[in-house]
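Everything on this sheet refers to the single structure shown next.
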Amino acid sequence: MAARWRVALQRWLPDTLFGRLALLLIVAVIASHVLALTLMFELRPAHPERPPGPPGPPPHWGVAEGRPLPPPGQPLHGERPGFWNAPPSLQLGLLLDIGVRLAALVAVAWWAARWLSRPMLRLATAAQQLGRDINRPPLPEDGTLECRGASRVFNQMQARIRQQLAERDRFVAAVSHDLRTPLTRLRLRTETLGDARAQQLFRRDIAEMDAMITSTLDYLRGVAGAEAWALLDVRALADSLADDQLALGHRVSVAGQATPLRAQAVALRRCLDNLVGNAIRYGGSAEITLHDAADALTVEVRDHGPGLPPEELERVMEPFYRVEASRNRQSGGAGLGLTIASDIARRHGGQLVLRNAAGGGLVAAATFPRRAV
């Protein structure tokens, strides 16, 4: 029954935002006047009846204190007509008239603003969530003509983005297969070399190529996008990363506590792992510090290396950009570690900021806003 009434109301209402706003204003004005007039008639003062007798002025009319009395309803001599000289009942009626009109207009305007802005708020919320979840359900195409058009265009844009991402994944998968096939052949041919020194050099070059291809394909694939969200113990994750690095002979310390954070487990681990690996590569050690707050969690990774020039703090997060001019992966990397970490932070609604530490070294601060469970 309610659904049929809703459909009938949608058919009767104007189809444009201007039409609905005009209708609401007209209804508000009419309703406020009707209510005010109803109250005024209900609370109007009672007029005394004229005593029986010939027509003419009432018997009490005449001279009082040397001055003639005016007819009923007229002010006395020397008095000024106005609201404050009116009878109390009339004053109350006028105040009720103003109050009812004002209350009715304010109430209808407030409700109308919420009603008309709800589709736009829904569209803005969907646009904000689109960057975190491209596979979110499409928007319902209802409301005014303008809102339906905007929702339809938004859904078409989301569908095209999903299609382009699917095509990209297929392309990356094909490139991955095509690149790894000759690498596998090179590994097999390397085993047949008689020179042990040349064999070792070939193996190192192949491993470097394989690592660079893996990093590039993972960045292009965007593997964090389809991962499920879950509550994570970030302190335990940081301790696990520190233990892994300690097993390799690298010094990593962890400080601070944090309540569970709703995040993507594999993506968050890779983000922190990239920051820690970058700190160890350029500073020899890493210090992980957790700064917990009610609205966000900030993870700082500091090294004691040479730091960066101020003009390079943002550029180093660009894909394939490296401050070091050499192409040695052991010293300069592939130029994707900070890019991937920054991309993961953005997927979580946060950001990665680099700054030089006061006592030397670089601080990478990744902020992750707390999402509703």
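- Under the salt bridge (Lys or Arg N to Asp or Glu O under 4.0 Å) criterion, Glu300 pairs with Arg355, not counting sequence neighbours.
- A donor-acceptor distance shorter than 3.5 angstrom exists from the side chain of Asp292 to the backbone of Thr259, with no hydrogens or angles considered.
- Partners of Arg204 by salt bridge (Lys or Arg N to Asp or Glu O under 4.0 Å), not counting sequence neighbours: none found.
- A salt bridge between Asp343 and Arg346 is present, with a side-chain N of the basic residue lying under 4.0 Å from a carboxylate O of the acidic one.
- Screening Arg269, Gln245, Arg235 for a side chain to side chain contact (heavy atoms under 4.5 Å, CB included) with Ser240, the sole residue that qualifies is Arg269.
- Cluster partners of Val153 are absent, since no Ile, Leu, Val, Met, Phe, Trp or Tyr has side-chain heavy atoms less than 4.5 Å from it.
- Across all non-hydrogen atoms, the minimal contact from Thr298 to Ala365 is CG2-CB, 4.2 Å.
- For Asp205, the salt bridge (Lys or Arg N to Asp or Glu O under 4.0 Å) test picks out no residue, with sequence neighbours left out.
- Sparse packing is recorded around CD of Glu314, with 12 or fewer heavy atoms of other residues, nucleotides or ligands lying under 6.0 Å away.
- A salt bridge links Glu191 with Arg203: the closest approach of a Lys/Arg side-chain nitrogen to an acidic carboxylate oxygen falls below 4.0 angstrom.
- Closest non-hydrogen pair, Ala267 versus His348, comes out as CB-CE1, 4.3 Å.
- Through side-chain heavy atoms spaced under 4.5 Å, either directly or across other Ile, Leu, Val, Met, Phe, Trp or Tyr residues, Leu193 is tied to Phe202.
- Residues forming a side-chain hydrogen bond (donor to acceptor under 3.5 Å, both in side chains) with Asp233 (at least two apart in sequence, or on another chain): none.
- In this structure, Gln200 places its CD atom where only 12 or fewer heavy-atom neighbours from other residues, nucleotides or ligands lie under 6.0 Å away.
- Within 6.0 Å of atom CZ in Arg136, more than 12 heavy atoms from other residues, nucleotides or ligands are found, so the atom counts as buried in its surroundings.
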